[in-house]
Amino acid sequence: MGFKNVTDKIFWIGADDENLELFENQYPLDEGMSYNSYVIKDEKIVVMDTIDEGVADKWFENLSECLGNDKPDYIVVSHMEPDHAANLKGFLDKYPDTVVVGNVQTFNMIKQFFGMGIPEDKKLLVKEGDNLSIGSANLTFVMAPMVHWPEVMMTYESESKVVFTADAFGKFGKNGEDVFNTTKEQAEDWACEGRRYYTNIVGKYGPQVQAVLKKMQGLDVEIIAPLHGPVLKSELDYYINKYNIWSTYSPEDIGYTVCYSTIHGNTRKAAEYVASILDEKGIIYELFDLSNCDVAEVVESAFRYDKMLLLGVTYDGGLMPCMQDMFYHFKMKNVQNRKVGLIQNGTWGPLAGKLMKEQLEGLKNMTILDKVITIKSVMTEANKAEIKELIDTMN
């Protein structure tokens, strides 16, 4: 069966792209990506979004199977990004009598993406708090600008107490057969890829996420239906609390993000020594070789832990490109409110500490320790003692 019951009136008709290796052509995927779409069947039939063109055939098959001989009355466009709206034109070609529901920004973007306007008699323009009765159920539209595009809106279905949240509460990875999260264990499993997804896709827009979370507090929500990842049918406080932590840039856990750049391996040895000290103390950390890691994982870790230890090597009088790239991503995703210790390496003119500090000062509310440990080519016993003291100071 190509569709699944979310409730007795709401049906999931999404699909997985198991072959996709990079989401947005930059975020590595181990298991592909899920795309969600929904149908609400009441006196009126509503389709909630389309999905990515890479799985268009499967989506149209699921839609047709779900609808049977019925025709949709409305399609709600929550988000115009192509991984959700790519099949809008094809849908309207197949179901030309469907009314398109969106806001001012939505219809502007439809023109940009598809070079077409929506006829006035097939357009329902909505704004914050507008309602659409579809029978015994009622849809209320909640604007969510910059979570994470300006046209984004959520939809609350009052009878089933379902909120369709667009990209919010999504995660990387496929759904497979397990479309619904109904247990605490599933919620905890969701957190890792949910965090990487949030911090890299939505992370820049914490204040906007806070604004929409406040709107959600006024709704009686029993199910969260995002456009990626599983439909969340229990433990909703867990998911909402995670979003509240991430969107306020508060540390989620006590621990370290340890990142290093190295040319010939000497700074790596210092980073591994840092890791050994943290192991001895039983302190949680994640260790990243910036030349050989997914920078999205680094951003996720920086959001998660309250402290960072950065080890940078001086390269042509500057920072290695991989370290510079990390700071670029930190700035883009609004990393803030962390305590940071610095270790630099340089054979004749160590400048990495100064340059890393300058980058960190461009971020908000970063507590940067004054003392920068300097390694000259190779870590010494004196450096080891300094590293131990630095970690003790940070704790």
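We count residues from 1, following the sequence as given. What you see below is based on every heavy atom in this structure, not just the backbone, and it leaves out hydrogens, waters and symmetry mates.
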field: Pairwise side-chain contact, Val46 with Leu139, heavy-atom cut-off 4.5 Å (strictly under)
entry: yes
message: Does atom CD (Glu21) have a neighbourhood of more than 12 heavy atoms from anything else shown, all under 6.0 Å?
response: no
message: Tell me whether Ile284 at atom CD1 has more than 12 heavy atoms from other residues, nucleotides or ligands lying less than 6.0 Å away.
response: no
query: If two hydrophobic side chains count as joined below 4.5 Å and joins carry through other members, does Tyr74 share a cluster with Val47?
result: no
- prompt: Atom CG in Leu363, atom CD in Glu361: separation rounded to 0.5 Å?
  reply: 10.0 Å
task: Walk me through it: do Phe11 and Phe3 pass the test ring pair (Phe, Tyr, Trp, His ring centres under 6.0 Å)?
output: CA-CA 6 Å; Phe11 304 89; Phe3 64 92; 5.8 Å; yes
- line: CG (Asp289) and SG (Cys322) are apart, to the nearest 0.5 Å, by 7.0 Å
- prompt: Can you get from Leu63 to Met48 by hopping between Ile, Leu, Val, Met, Phe, Trp and Tyr side chains that sit under 4.5 Å apart?
  reply: no
- prompt: Which of these, Phe172, Trp190, Phe303, sits in a ring-ring contact (aromatic ring centres under 6.0 Å, His included) with Tyr197?
  reply: Phe172
field: Connected-component partners of Ile254 among ILVMFWY, side-chain separation under 4.5 Å
entry: none
- prompt: Would Ile13 and Ile10 show up in the same hydrophobic cluster when neighbours are defined by side-chain heavy atoms closer than 4.5 Å?
  reply: no
- prompt: For Pro72 and Phe91, which heavy atoms make the closest approach, and how far apart are they?
  reply: CG-CZ, 3.6 Å
- request: Just jot down the side-chain contact (heavy atoms from CB on, under 4.5 Å) partners of Ile118, sequence neighbours excluded, or say none.
  value: Leu92, Val100, Phe107, Ile110, Met116, Lys122, Lys123
- request: Hey, could you give me the CG/CZ distance between Asp17 and Phe23, rounded to the nearest 0.5 Å?
  value: 11.0 Å
task: Give the intermediate values and the outcome of side-chain hydrogen bond (donor to acceptor under 3.5 Å, both in side chains) for residues Thr374 and Gln344.
output: CA-CA 5 Å; Thr374 298; Gln344 66 174 351; 2.8 Å; yes
- prompt: Cation-pi between Lys233 and Phe180: NZ/CZ under 6.0 Å from ring centre and within 45° of the ring axis?
  reply: yes
Under 3.5 Å, which donor-acceptor pairs do the side chains of residues 330-337 form with other protein atoms, sequence neighbours left out?
residue, atom, partner, partner atom, Å
Lys333, NZ, Asn200, O, 2.8
Asn334, ND2, Lys204, O, 3.4
Asn334, ND2, Tyr249, OH, 3.2
Gln336, NE2, Asn334, O, 3.1
Asn337, OD1, Asn365, ND2, 3.1
Asn337, ND2, Tyr249, O, 3.3

Taking distance alone, no hydrogens or angles, what donor-acceptor pairs closer than 3.5 Å link side-chain atoms of residues 213-228 to residues at least two apart or in another chain?
residue, atom, partner, partner atom, Å
Lys214, NZ, Gln210, OE1, 3.4
Lys215, NZ, Glu128, OE1, 2.8
Lys215, NZ, Met143, O, 2.7
Asp220, OD2, Lys161, NZ, 2.9
His228, ND1, Ser34, O, 2.7
His228, NE2, Asp83, OD2, 3.0
His228, NE2, His84, NE2, 3.2

task: Assess whether atom CD of Glu177 is packed by more than 12 heavy atoms of other residues, nucleotides or ligands within 6.0 Å.
output: no
- request: Please confirm whether the backbone N or O of Leu351 pairs with a side-chain atom of Thr314, one donor and one acceptor, at under 3.5 Å?
  value: yes
task: Treat each ILVMFWY residue as a node, draw an edge where side-chain heavy atoms are under 4.5 Å apart, and state whether Ile343 and Leu355 are in one component.
output: no
query: For the ring-ring contact (aromatic ring centres under 6.0 Å, His included) test, which of Phe169, Tyr198, Tyr205 pairs with Trp246?
result: Tyr198
query: In chain order, what residues pass the side-chain contact (heavy atoms from CB on, under 4.5 Å) check against Lys94, with sequence neighbours excluded?
result: Phe60, Ser64
query: Parallel, tilted or perpendicular for Phe113 and Trp149, by the 30°/60° rule?
result: parallel
Pairwise distance CG(Leu22) to CG(Asp294) - rounded to 0.5 angstrom: 9.0 Å
- request: Spell out, yes or no, whether Met394 and Met356 are grouped together once hydrophobic residues are joined by side-chain heavy atoms under 4.5 Å, including indirect joins.
  value: no
query: Does any N or O in the side chain of Arg338 come within less than 3.5 Å of the main-chain N or O of Ala302, such that one atom is a donor and the other an acceptor?
result: yes
message: Restricting to side chain to side chain donor-acceptor pair (under 3.5 Å), what partner residues turn up for Asp121, sequence neighbours left out?
response: none
query: Less than 4.0 Å between a side-chain N and a carboxylate O, is that true for Glu272 and Lys269?
result: no
- request: Hydrophobic side-chain clustering at under 4.5 Å (ILVMFWY, transitive links): who's grouped with Tyr315? Put none if nobody.
  value: Ile263, Val313, Met320
field: Residues which pass salt bridge (charged side-chain N to carboxylate O under 4.0 Å, His left out) with Lys242, listed by chain and number, not counting sequence neighbours
entry: Glu252
query: What residues form a side-chain contact (heavy atoms from CB on, under 4.5 Å) with Asp253, not counting sequence neighbours?
result: Arg304, Tyr305
- request: Keeping the roles fixed (side chain from Asp16, backbone from Glu18), state whether a donor-acceptor pair exists under 3.5 Å.
  value: no
query: Can you tell me if Asn103 uses its side chain to pair, donor with acceptor, with the backbone of Thr106 under 3.5 Å?
result: yes
field: Side-chain donor or acceptor of Asp130 paired with backbone N/O of Phe141 under 3.5 Å
entry: no
message: Using a 3.5 Å distance criterion without hydrogens, assess whether the side chain of Ser301 forms a donor-acceptor pair with backbone atoms of Val298.
response: no
query: With distance as the sole test, does Asn395 use its side chain to make a donor-acceptor pair with the main-chain N or O of Ile391 at under 3.5 Å?
result: yes
query: Quick one: salt bridge (charged side-chain N to carboxylate O under 4.0 Å, His left out) pairs with a partner in residues 365-393, sequence neighbours left out?
result: Lys281-Asp392, Lys371-Glu386, Glu381-Lys384
- prompt: With no hydrogens and no angle check, do the side chains of Thr140 and Asn131 hold a donor and an acceptor under 3.5 Å apart?
  reply: yes
query: Just checking, any donor-acceptor pair under 3.5 angstrom between side chains of Asp279 and Ser276?
result: no
field: N/O donor-acceptor pair under 3.5 Å between Asn87 side chain and Ile51 backbone
entry: yes
- prompt: Counting heavy atoms not belonging to Asp57, are there more than 12 under 6.0 Å from its CG?
  reply: no
message: Assess the residue pair Asn175 and Asn36 against the criterion (side-chain hydrogen bond (donor to acceptor under 3.5 Å, both in side chains)); give the C-alpha distance rounded to whole Å, side-chain angles, the decisive distance to 0.1 Å, and a yes or no.
response: CA-CA 9 Å; Asn175 283 330; Asn36 297 333; 3.2 Å; yes
query: Does anything in residues 265-291 pair up under ring-ring contact (aromatic ring centres under 6.0 Å, His included), and if so which pairs, sequence neighbours excluded?
result: none
message: Keeping Asn108 on the side-chain end and Gln105 on the backbone end, is there a donor-acceptor pair under 3.5 Å?
response: no
field: Pair Thr347, Ser377: side-chain N/O donor-acceptor within cut-off below 3.5 Å
entry: yes
Pairs flagged by side-chain hydrogen bond (donor to acceptor under 3.5 Å, both in side chains) wherever residues 43-53 is involved - sequence neighbours left out: Asp49-Ser78
message: For the CD1 atom of Ile368 and the NZ atom of Lys357, what is their distance to the nearest 0.5 Å?
response: 6.5 Å
message: Looking at Glu159, is its backbone amide N or carbonyl O close enough to the side chain of Glu157 to form a donor-acceptor pair, meaning the two atoms are under 3.5 Å apart?
response: yes
